[in-house]
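These notes are about the structure you will find just below.
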Amino acid sequence: MKPIKLPVNLTGLMNFSLGYKHCPQKTGLPPGTPVYTGSAPAEPIQIELIDYNENELNQTKLKSLEDCFVCKDTPTVSWINITGLHDIEKIQQISRHFNLHPLVQEDIVHVGQRPKIEEYDDYLFLVMKMLTYDEEKQAVESEQVSFIVRENCLITFQERKGDVFEQIRERIRSENGRIRKMGSDYLAYALMDAILDNYFQILDVFGEKIERQEEQLLSHFDKVILPEIHNLKRDLTILRKSVWPLREMAGGLERSESSLIHAETHAFLRDLYDHTIQIIDTIESFRDVTSGLMDLYLSIVSNRMNEVMKVLTLIATIFIPLGFVAGVFGMNFESMPELKWHWAYPVGFWGAIIVIVSVMVWFFKRKKWL
Amino acid sequence: MKPIKLPVNLTGLMNFSLGYKHCPQKTGLPPGTPVYTGSAPAEPIQIELIDYNENELNQTKLKSLEDCFVCKDTPTVSWINITGLHDIEKIQQISRHFNLHPLVQEDIVHVGQRPKIEEYDDYLFLVMKMLTYDEEKQAVESEQVSFIVRENCLITFQERKGDVFEQIRERIRSENGRIRKMGSDYLAYALMDAILDNYFQILDVFGEKIERQEEQLLSHFDKVILPEIHNLKRDLTILRKSVWPLREMAGGLERSESSLIHAETHAFLRDLYDHTIQIIDTIESFRDVTSGLMDLYLSIVSNRMNEVMKVLTLIATIFIPLGFVAGVFGMNFESMPELKWHWAYPVGFWGAIIVIVSVMVWFFKRKKWL
Amino acid sequence: MKPIKLPVNLTGLMNFSLGYKHCPQKTGLPPGTPVYTGSAPAEPIQIELIDYNENELNQTKLKSLEDCFVCKDTPTVSWINITGLHDIEKIQQISRHFNLHPLVQEDIVHVGQRPKIEEYDDYLFLVMKMLTYDEEKQAVESEQVSFIVRENCLITFQERKGDVFEQIRERIRSENGRIRKMGSDYLAYALMDAILDNYFQILDVFGEKIERQEEQLLSHFDKVILPEIHNLKRDLTILRKSVWPLREMAGGLERSESSLIHAETHAFLRDLYDHTIQIIDTIESFRDVTSGLMDLYLSIVSNRMNEVMKVLTLIATIFIPLGFVAGVFGMNFESMPELKWHWAYPVGFWGAIIVIVSVMVWFFKRKKWL
Amino acid sequence: MKPIKLPVNLTGLMNFSLGYKHCPQKTGLPPGTPVYTGSAPAEPIQIELIDYNENELNQTKLKSLEDCFVCKDTPTVSWINITGLHDIEKIQQISRHFNLHPLVQEDIVHVGQRPKIEEYDDYLFLVMKMLTYDEEKQAVESEQVSFIVRENCLITFQERKGDVFEQIRERIRSENGRIRKMGSDYLAYALMDAILDNYFQILDVFGEKIERQEEQLLSHFDKVILPEIHNLKRDLTILRKSVWPLREMAGGLERSESSLIHAETHAFLRDLYDHTIQIIDTIESFRDVTSGLMDLYLSIVSNRMNEVMKVLTLIATIFIPLGFVAGVFGMNFESMPELKWHWAYPVGFWGAIIVIVSVMVWFFKRKKWL
Amino acid sequence: MKPIKLPVNLTGLMNFSLGYKHCPQKTGLPPGTPVYTGSAPAEPIQIELIDYNENELNQTKLKSLEDCFVCKDTPTVSWINITGLHDIEKIQQISRHFNLHPLVQEDIVHVGQRPKIEEYDDYLFLVMKMLTYDEEKQAVESEQVSFIVRENCLITFQERKGDVFEQIRERIRSENGRIRKMGSDYLAYALMDAILDNYFQILDVFGEKIERQEEQLLSHFDKVILPEIHNLKRDLTILRKSVWPLREMAGGLERSESSLIHAETHAFLRDLYDHTIQIIDTIESFRDVTSGLMDLYLSIVSNRMNEVMKVLTLIATIFIPLGFVAGVFGMNFESMPELKWHWAYPVGFWGAIIVIVSVMVWFFKRKKWL
């Protein structure tokens with residue numbers, strides 16, 4: 001049995017729950033010491049600024065860090081999108097400017113966090129996982145996105161280039177979208193909704209896998225499928241554990257009474273919560289169905305073995321006695337009178353054979369094995 | 001083993017939980033953008049208006065959309081039943097007239113919603129699934145029905161023609177029913193109760209399937225049954241996940257303190273909640289019983305195999321040694337004195353055979369295999 | 001394998017959870033329309049009145065319905081026991097007189113209700129299942145009993161003749177019992193306690209079945225037991241689902257702040273609640289033990305098969321090689337020098353046989369199969 | 001397979017959950033009628049009085065019931081320990097004197113109660129099970145102990161002679177213990193803690209059994225173990241159901257705001273609650289581990305069978321073809337030229353045998369069966 | 001099957017849940033009597049004092065107990081670290097000086113406690129388990145650490161020398177760390193965080209074991225793995241039971257409103273709680289994956305057996321009939337005319353053989369066994 005390549009990258013998913021796994025260098029440092037613990041390649045930090053209100057729009061890639069500091073107090077909504085978490089020095093500079101708690105600084109770069117929401121005096125801190133399915137590698141890529149929601153200002157931190165926010169940027173650019181009329185809290189919601197939309201894509205991948213394996217199991221049973229079902233089940237277990245905290249986060253966000261979340265955004269946050277529940281429900285159903293597949297597999301194997309055994313039993317129980325009869329008449333005793341009778345072979349022997357076979361067949365028919 | 005046609009249409013049911021599955025075109029659109037995501041055939045929108053109070057009744061099919069706008073503020077109860085969700089333009093026109101939140105507009109046409117209740121300032125928004133069992137196709141058909149409950153006005157949105165509300169219409173037409181004396185909230189309750197009544201019909205279908213398969217398993221064991229049990233279990237898993245949120249919805253409705261729900265309706269909503277619990281309990285029992293069937297199947301297969309093995313073992317352990325004895329006397333050694341003894345064959349050989357068989361039979365009797 | 005007669009009547013129990021199952025005629029009727037949905041034979045309604053206070057007692061079978069109306073406002077405690085639910089007309093007459101809500105009227109005759117408590121302005125409505133074990137039919141009989149608790153008046157509705165209340169009647173008749181000094185709430189409690197007492201009787205039946213099957217499984221393993229374990233497990237699943245709501249009902253009754261329940265009755269209601277919990281706990285234990293029996297069965301079957309296989313393997317692996325050896329010396333090659341050696345048969349052949357058997361036996365001993 | 005003697009007495013444990021099981025005479029009696037339902041031998045009631053405060057101590061066996069009535073209102077702490085519940089008359093006499101509720105009187109002698117706490121106006125009523133492990137009978141003995149905690153007075157009711165309180169008596173007798181300085185609530189706590197201490201002893205017995213069977217399973221697999229694992233699992237199920245209510249009781253006691261419990265006792269009650277949680281956690285772990293043992297057993301049996309089958313297959317697939325070859329050359333056809341070739345036997349025949357065996361061995365090696 | 005050495009020391013872990021197991025001498029002693037119940041070797045008590053504020057630092061090993069009493073009321077933060085719990089006398093001396101409750105004294109030396117937090121008037125009492133993985137013994141070592149958090153003073157009690165706090169000491173020594181500016185509550189947090197960091201190390205060990213066994217199972221199936229999977233599952237069960245109370249403890253600490261915990265520490269305690277949840281989630285995932293491995297193992301064994309059976313059946317069903325045919329022509333009947341026909345052997349016999357084999361192969365191909 002050849003080892004099967006896991007289509008969903010387990011190690012990537014395990015990061016969610018193990019957290020400290022890949023950072024032995026981290027153990028023992030004082031809490032609040034920011035060290036990047038992810039696996040993204042070390043690239044220089046990139047800062048993108050989108051500054052807008054209902055009438056104006058300004059999108060630029062910032063060269064220096066200080067350029068983004070001015071927008072802290074402007075009345076327009078500023079989205080500062082920071083990509084690359086290797087340059088701890090710069091992350092700390094930004095954090096200090098925006099007055100972030102040391103533990104928030106640590107959580108931003110320490111990417112094994114569970115999704116969560118933390119309310120501070122003048123900002124909300126949100127952590128989510130951006131899951132994308134890489135068709136080529138057939139693997140789920142996971143990336144931590146942190147949100148700092150301030151009045152009129154949203155700062156997002158990503159691990160690597162490439163994200164699922166392109167359509168949000170497009171909507172901001174189009175002048176008449178709702179997003180231009182609302183604040184930083186709605187922008188944060190829109191980005192989180194875009195991330196959740198991609199979860200559904202991953203669920204689709206799992207759903208297709210399950211259906212394909214179910215079909216394969218029922219129509220042309222194949223033993224190679226066993227490790228695949230196991231992997232599916234395992235991946236769903238891990239995915240579930242990493243998605244579960246989303247519920248708490250989205251619920252906390254919906255119930256939040258922070259003044260940073262405006263009244264008109266609450267309906268949208270309820271929608272976000274609904275999507276989270278849908279995702280969790282779907283994963284639970286998938287898990288149940290996959291467990292059922294394992295049981296089905298076992299039952300089919302038992303069934304097959306039963307059939308194989310029946311064939312063996314049929315052949316053996318018919319021919320072993322016949323073999324004995326033939327053996328008897330092959331003996332070399334000097335006085336075996338039956339050997340000399342002329343009709344012994346055609347009538348006596350073959351008659352006995354026919355009788356034995358008939359009895360056996362009747363017996364098997366009665367047992368419903370034939 | 002031939003693939004088995006699923007009697008309950010899985011894909012239809014999966015819609016419940018996957019939600020976004022069949023609408024890749026939806027991903028990335030701003031939240032609140034209404035796009036119909038169901039599978040109903042594109043037909044022109046149909047608007048049916050039933051306007052009644054205790055004394056008057058007026059039932060018409062409206063030609064133009066604007067005709068229904070007048071009943072927004074009349075004191076009579078108006079039931080505006082809209083069938084067909086393809087014409088987004090018109091849905092939006094109605095929504096704007098009745099002042100619906102953009103997310104409500106989206107949820108009406110985006111038919112993968114979980115059953116839910118949302119309270120807004122001057123209306124309640126309710127989503128349910130109408131499940132009907134199509135005898136011919138042997139499949140469960142699912143259709144989203146959305147309710148907008150306003151003071152004196154109920155708007156319902158259905159995906160396709162045909163519904164389970166005919167008896168409600170009949171009751172409205174009969175002059176002396178309770179329904180004519182009560183408001184739009186009671187009408188909404190009556191429609192939801194009619195939908196739930198159909199759930200019981202589907203449970204009956206499942207109940208019969210389970211009893212039939214149980215009987216088949218115990219009386220005339222048949223291997224074809226295995227995929228059917230699996231499908232039953234899987235369908236119940238999916239059905240359960242889609243029915244579960246009903247509890248929350250019905251509970252929320254019962255506990256709602258909205259002024260749109262009159263005091264005398266509350267007793268009926270409690271009844272609705274009771275029915276929901278009954279449905280969920282029944283599904284849970286069915287799931288447990290079906291899981292038990294799978295175990296039973298495995299046990300029966302093991303049992304059968306055990307019996308088959310016993311027969312094989314009996315025959316083989318009796319006749320293989322006998323065959324050896326016959327083989328011994330079939331050898332061609334020159335000096336085998338026993339071959340020459342006159343009574344060797346009838347007494348020696350057959351005596352040995354009888355002794356061996358007797359010992360074997362005694363052994364099997366002691367082991368209780370015979 | 002012969003089909004096994006179920007000792008516990010499944011269909012009867014399923015009524016609990018399916019509810020609407022046996023009443024297709026009901027679907028579509030307006031809520032609050034009373035239609036009897038049970039299976040009791042149609043017999044004329046019987047009304048029994050017991051009217052008592054600490055000093056007086058009056059027990060009569062009423063001829064006409066109106067006779068019981070007088071006791072609505074008398075200061076003595078009146079127990080109106082109505083048997084037979086077919087005559088909807090009369091049930092409605094009583095209901096109207098005692099001012100019952102239409103849904104209560106429906107629930108009284110619509111006998112697939114879950115046990116529940118509903119508080120109305122001037123009465124409590126309680127529903128319970130009276131389970132009795134019919135020794136002869138070896139089946140559990142289920143019957144819905146509804147209670148209307150009013151100040152100084154208790155109305156009970158039963159489906160058919162015969163109940164478990166005889167001892168309560170006896171206690172009322174005996175002048176010095178506590179029951180004569182207390183109100184209609186205590187009477188209702190006493191009746192419900194009598195019903196629960198009978199649940200314990202049914203648990204005893206199940207307990208004995210479980211112990212008998214466990215003993216049978218361990219002492220003289222028998223394959224016929226399999227469907228029985230399955231049925232036991234299934235019946236417990238259904239019983240559990242129907243008993244579970246009792247907890248909610250008894251808890252609701254205990255916590256109720258209705259003025260109809262007097263302070264001194266509360267301690268008794270807590271006792272009732274305790275009994276309910278005991279019943280539920282016992283059913284849960286039974287379920288766990290029965291699940292364990294199924295596992296045990298599977299393990300024993302596997303074990304047996306293992307033993308059967310060992311015997312087959314022993315015989316086959318010893319005698320098949322021996323058979324080959326005998327076959328070799330039965331060949332008819334012209335030049336087989338060993339056939340001519342004088343000691344070939346007694347020493348060579350039998351020596352080889354002894355060596356082969358010894359090696360085999362040693363091998364099996366080392367493998368611990370002997 | 002011989003039936004296995006259960007080391008833990010199931011029937012005794014089942015008493016916990018079945019409650020009414022052994023008292024058919026009880027069914028139908030009015031609630032609050034005290035009837036002893038336990039299995040202790042009928043012995044005359046024994047009353048032991050320990051009366052103490054910080055300075056004085058008085059321990060006596062009372063002859064008559066009335067002797068203990070005096071201590072109801074003394075300022076010293078009085079522990080009235082009553083052993084033997086058969087004499088209902090006397091129990092009622094005491095109960096009346098101390099003003100106990102009829103249901104409390106019933107619960108004291110009706111020994112199938114779940115552990116519970118009930119608060120009355122001037123006393124607390126507590127029920128616990130005293131479990132002791134009888135080394136000789138290898139059985140768990142269960143006995144109900146009821147506590148009536150009054151200001152300055154504690155009454156305990158036991159079913160039979162012998163208890164686990166000897167060390168508490170010792171501590172009271174020693175002049176400088178904490179117990180002498182505290183009230184009846186602390187005394188009750190001390191007695192309950194002594195009872196819980198004995199639960200740990202029973203857990204030790206179970207823990208040892210589990211470890212012994214695990215070791216036996218892994219080191220020298222033995223089929224006799226199967227019923228033992230089943231029994232262990234079953235006993236743990238029943239033990240768990242009877243221990244579970246302890247949590248509720250201990251938690252209720254800790255949170256109780258009764259004036260009978262003094263402030264300084266609360267820390268001790270929290271400790272009692274902690275012990276209860278420890279016991280429940282341990283039982284849960286044991287159950288999980290035991291379930292794992294059952295799975296392990298099944299897997300080992302499957303594994304063994306697999307090995308047995310491999311040996312059979314090896315022998316059969318090698319020797320059955322060889323047997324056929326030998327059979328071919330044993331045929332009596334007149335014209336079989338190969339029989340006459342001189343090297344046919346030593347070279348042709350044995351060469352063919354060697355080739356066949358080699359191919360088989362190579363095949364099995366590739367399949368990794370050798 | 002050789003017994004497998006458990007890599008994780010079960011006995012050590014079981015201590016967590018069994019608690020009183022190893023201290024029969026403890027049973028019956030009055031609550032609050034301190035007796036050391038651990039297994040650490042008896043060594044003299046060691047007292048280490050670190051006394052610091054933002055500017056000063058003083059680290060000493062104290063010779064006499066009284067030396068540490070002075071720091072009770074100094075304004076600097078004092079960390080008194082006590083190692084070795086055998087000398088009950090001295091523990092009591094310290095406890096009395098710091099005014100600890102008798103039950104706290106008992107819990108400090110009675111090392112089978114569940115992790116917990118208890119709030120007293122002027123101190124917090126915290127219990128945790130320090131888990132370390134001993135590479136050499138391949139075993140998890142467990143040690144109870146108790147914390148007494150007072151204003152400006154932290155007392156820790158450890159069972160044996162060696163701890164995971166070295167880096168905290170280092171941080172205190174470095175002048176500019178946050179720890180020097182904060183109080184005893186932050187110090188306690190820092191120590192507890194260091195303990196939790198080590199839990200992740202143990203999770204890594206388990207994670208690697210699981211991955212290794214999964215790989216082994218899928219790539220080169222090996223029966224020796226079975227006891228290892230069982231042990232893994234069992235160890236995870238026990239680990240889970242011992243980690244679960246951490247959640248309650250960390251949650252209690254976070255929500256605590258004690259004045260001993262300063263406002264700025266709360267964010268750190270929330271972080272501690274998050275880590276606890278991460279640990280628990282990971283253990284749950286591991287358990288699920290390990291359960292899956294057991295199922296996978298069973299399925300693979302079944303599969304293998306199925307394959308073995310197929311080979312046996314193939315060989316036996318082909319060669320047993322052939323053997324019978326050969327046997328027939330080896331019979332010694334005088335009149336078997338076919339034996340005399342010249343082409344009987346090469347054409348008749350071998351032709352029959354070829355036909356039989358072809359039919360069999362065709363049959364097996366159709367069954368998809370070849």
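Chain naming here is simple, since letters A, B, ... match the order of the sequence lines and numbering starts at 1 in each. No hydrogens, no waters, no symmetry mates; every other heavy atom, side chains included, goes into these values. A quick note: this is a predicted structure, and the numbers were derived from the prediction, not measured.
Within the 4.5 angstrom heavy-atom criterion, only side-chain atoms of B:Leu298, from C-beta onward, approach chain A. Looking at B:Lys340, the atoms closer than 4.5 Å to chain A (heavy atoms on both sides) sit in the backbone and in the side chain alike. Interface remark: B:Glu118 contributes backbone and side-chain atoms alike to the contact with chain A (heavy atom separation under 4.5 Å). With a threshold of 4.5 angstrom between heavy atoms, B:Met336 does not approach chain A through any atom at all. Looking at A:Leu293, both its backbone and its side chain come within 4.5 Å of chain B, counting heavy atoms on both sides. Contacts between A:Phe165 and chain B at a heavy-atom distance below 4.5 Å are absent for every atom of the residue. Contacts between A:Glu170 and chain B at a heavy-atom distance below 4.5 Å are absent for every atom of the residue. Both the backbone and the side chain of A:Ala267 come within contact range of chain B, judged by heavy atoms closer than 4.5 Å.
A salt bridge does not link A:Arg247 with A:Asp281: every distance from a Lys NZ or Arg NE/NH1/NH2 to an Asp or Glu carboxylate oxygen is 4.0 Å or more. Salt-bridge formation is not detected for the pair B:Lys233/A:Glu214: no Lys NZ or Arg NE/NH1/NH2 atom is positioned less than 4.0 Å from an Asp or Glu carboxylate oxygen. A salt bridge links B:Arg287 with A:Asp288; the closest basic N to acidic carboxylate O contact falls under 4.0 Å.
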Exercise. Given B:Glu307 and A:Lys367, is the salt bridge (Lys or Arg N to Asp or Glu O under 4.0 Å) satisfied, shown in steps?
Worked result: CA-CA 10 Å; B:Glu307 267 185 72; A:Lys367 286 262 178 189; 3.3 Å; yes
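Between chain A and the residues B:Asp295, B:Val311, B:Asp107, the most heavy-atom pairs under 4.5 angstrom are made by B:Val311. The most heavy-atom pairs under 4.5 Å with chain B, out of A:Leu312, A:Ile277, A:Leu314, come from A:Ile277. Put simply, of A:Pro321, A:Gly323, A:Ala316, the one with the most heavy-atom pairs under 4.5 Å next to chain B is A:Pro321. Contact count against chain B (heavy-atom pairs under 4.5 Å) is highest for A:Asn332 among A:Thr313, A:Val325, A:Asn332.
Judged by the 6.0 Å and 45° rule, A:Arg270 forms a cation-pi pair with B:Tyr120.
One side chain, B:Tyr297 or A:Asn303, offers a donor N or O that lies under 3.5 Å from an acceptor on the other. In summary, the side chains of A:Tyr186 and A:Arg178 do present a donor paired with an acceptor at a separation below 3.5 Å, with no hydrogens or angles considered.
In this structure a side-chain-to-backbone donor-acceptor pair under 3.5 Å is present from A:Ser335 to B:His342.
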